[in-house]
Each structure stands twice: as structure tokens, then as C-alpha cells.
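One structure is given here, and the rest of the page talks about it.
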Amino acid sequence: MYCLVYMSSPSHQMNPVEVQALLRRAKHNNDRDNITGILIHDHRRYLQYLEGGQAEVEATFARISVDPRHHAIIRLHGLTIDRRQFPGWAMASKITRPADSLKSCVERLTQDCDAQVADQLLKFAEARDRAAFEQAARLD
């Protein structure tokens, strides 16, 4: 079993119809490729965790990497894992408001994960929250 985590920025502000179409397509593809995971979108960044066979996860990430809806893609890690963390979710998704804490959203979604995986995703979310707070402070 393999997992990959990345963050990216949307290339444009997607409307709710576009977001739902993106999620439907991702769920369809992930079901087909036996990939599970989560996608969190706060209107400024995507945080996505994908898990499954290494070839399938890497192929999915390769498609995402050339998708014009994403830019500033940062691959945070890819590694072998012992078990699926999100076995029942072809693609769990959470869209938060820009002012919401990404960390609190990740805390809710990772309650049943291994402590190491939850901690790692929380650290990414905390870094995003810090950056968003600093950006908001500069704009004030």
C-alpha cells in the first residue's frame, strides 16, 4: 500500500458546480483505480491524501500535476504504508470557508487514522493556517 500527499492552489476560483463536477470525476476515477483518500479545499489551497497501489496513485498524481485547475503543486511526500487510512472513502471531501481553520477540519477527518498519519496531515494543515493568518495580517 502506498500513499501520496500534496498541496496545490486552484488556478481560478471554482464555482460550486465546478467543484461538484471535479469531486464526481475524482470519485469515479478513484473507484476505478481502487484509490481512497481525502481532499480538503479552503478556496486557496487543496490538501489531498491519496492511497492505493503505487502505480495507480502515481498515475493519479501525474494527471493532477498537468490539470490546468491546479498550480503551485507541492508534493509533500509519497511512502509505503501498512494499511489504508480512509478505506471507505473513494474521495472524502471537505470544502471549508477561507476563514475556517484547516487544522480543525483535518482533525475531524483523521480521527480514525494512525496517529503518525494524522499528526503529519495536521502539521501540513497547521502550516497552511499559519501562512493564511500571516497573509491576512499583511493585508490588514
Side-chain angles (χ1 to χ4, degrees):
M1 188 66 46
Y2 182 77
C3 76
L4 186 145
V5 180
Y6 77 89
M7 290 182 88
S8 69
S9 297
S11 57
H12 72 282
Q13 188 67 26
M14 290 196 293
N15 65 47
V17 172
E18 289 175 298
V19 171
Q20 290 307 313
L22 173 88
L23 292 172
R24 271 193 310 278
R25 185 72 181 158
K27 287 177 183 180
H28 170 80
N29 290 342
N30 290 352
D31 277 339
R32 179 195 66 211
D33 296 336
N34 197 26
I35 293 174
T36 54
I38 61 171
L39 172 65
I40 301 169
H41 178 235
D42 69 356
H43 301 279
R44 293 184 202 131
R45 300 289 283 173
Y46 296 106
L47 172 63
Q48 186 163 22
Y49 173 100
L50 300 167
E51 59 191 6
Q54 184 170 356
E56 292 82 6
V57 169
E58 289 290 351
T60 297
F61 183 67
R63 284 191 308 273
I64 291 165
S65 296
V66 296
D67 187 323
R69 295 173 291 195
H70 295 268
H71 75 279
I73 297 172
I74 302 167
R75 181 186 179 125
L76 300 170
H77 79 248
L79 51 93
T80 301
I81 55 175
D82 294 331
R83 70 174 183 92
R84 287 186 189 268
Q85 301 298 305
F86 305 97
W89 297 346
M91 185 47 54
S93 60
K94 175 68 177 165
I95 301 169
T96 65
R97 295 183 313 232
D100 290 346
S101 164
L102 191 58
K103 179 184 175 194
S104 63
C105 179
V106 170
E107 285 173 335
R108 288 189 300 277
L109 290 172
T110 59
Q111 289 177 354
D112 297 327
C113 290
D114 292 345
Q116 181 183 5
V117 172
D119 185 56
Q120 190 170 47
L121 291 172
L122 284 169
K123 285 179 181 173
F124 297 143
E126 288 171 348
R128 173 61 190 121
D129 283 351
R130 246 188 332 275
F133 177 78
E134 290 168 3
Q135 181 181 15
R138 283 192 301 271
L139 296 174
D140 287 343

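Residues E107 and L122 come closest through the heavy atom pair CG-CD2, 3.3 Å. A pairwise comparison of heavy atoms in Q85 and D114 identifies OE1-N, 2.6 Å as the closest pair. Of all heavy-atom pairs between P87 and T36, the closest is O-CG2, 3.7 Å. Between V57 and G52, the closest heavy-atom pair is CG2-N, 3.5 Å. Residues R75 and G78 come closest through the heavy atom pair NH2-CA, 4.1 Å. Summarising the geometry of E51 relative to M1, their closest heavy-atom pair is C-SD, 4.5 Å, with the distance given to 0.1 Å.
With a 4.5 Å cut-off on side-chain heavy atoms, N34 and E56 do not count as touching. Considering only heavy atoms from C-beta on, K27 stays 4.5 Å or farther from N30 through its side chain. Between H77 and C3 the shortest side-chain heavy-atom distance falls below 4.5 Å. Using a 4.5 Å heavy-atom threshold, the side chains of L121 and I38 count as touching. Considering only heavy atoms from C-beta on, E126 stays 4.5 Å or farther from V106 through its side chain.
Between the CD atom of E58 and the CG atom of L4 there is a distance of 5.5 Å, given to the nearest 0.5 Å. Between the CD1 atom of I73 and the CD1 atom of I64 there is a distance of 7.5 Å, given to the nearest 0.5 Å. From Q120, atom CD reaches atom CG of L79 across 6.5 Å, with rounding to the nearest 0.5 Å.
Ion pair D119/K123 flagged as a salt bridge, since at least one NZ, NE, NH1 or NH2 atom sits closer than 4.0 Å to an Asp/Glu carboxylate oxygen.
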*Let me see the working for L39 and L50 under side-chain contact (heavy atoms from CB on, under 4.5 Å), right down to the final yes or no.*
CA-CA 9 Å; L39 172 65; L50 300 167; over 6 Å; no
*asked:* Between D33 and R63, does the salt bridge (charged side-chain N to carboxylate O under 4.0 Å, His left out) criterion hold? Intermediate values first, please.
replied: CA-CA 13 Å; D33 296 336; R63 284 191 308 273; 3.7 Å; yes
*Kindly determine whether E18 and H12 satisfy side-chain contact (heavy atoms from CB on, under 4.5 Å), including the steps that lead there.*
CA-CA 11 Å; E18 289 175 298; H12 72 282; 3.2 Å; yes
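The ring pair (Phe, Tyr, Trp, His ring centres under 6.0 Å) test with F61 is passed by exactly one of Y6, Y49, Y2: Y6. Checking N29, L23, L22 one by one against R25, the side chain to side chain contact (heavy atoms under 4.5 Å, CB included) holds for a single residue, N29.
For the salt bridge (charged side-chain N to carboxylate O under 4.0 Å, His left out) test, no residue two or more places apart in sequence or in another chain qualifies with R32.
For D112, the CG atom sits in a loose shell: 12 or fewer heavy atoms of surrounding residues, nucleotides or ligands are nearer than 6.0 Å.
The closest donor-acceptor contact from the side chain of S11 to the backbone of P68 lies under 3.5 Å.
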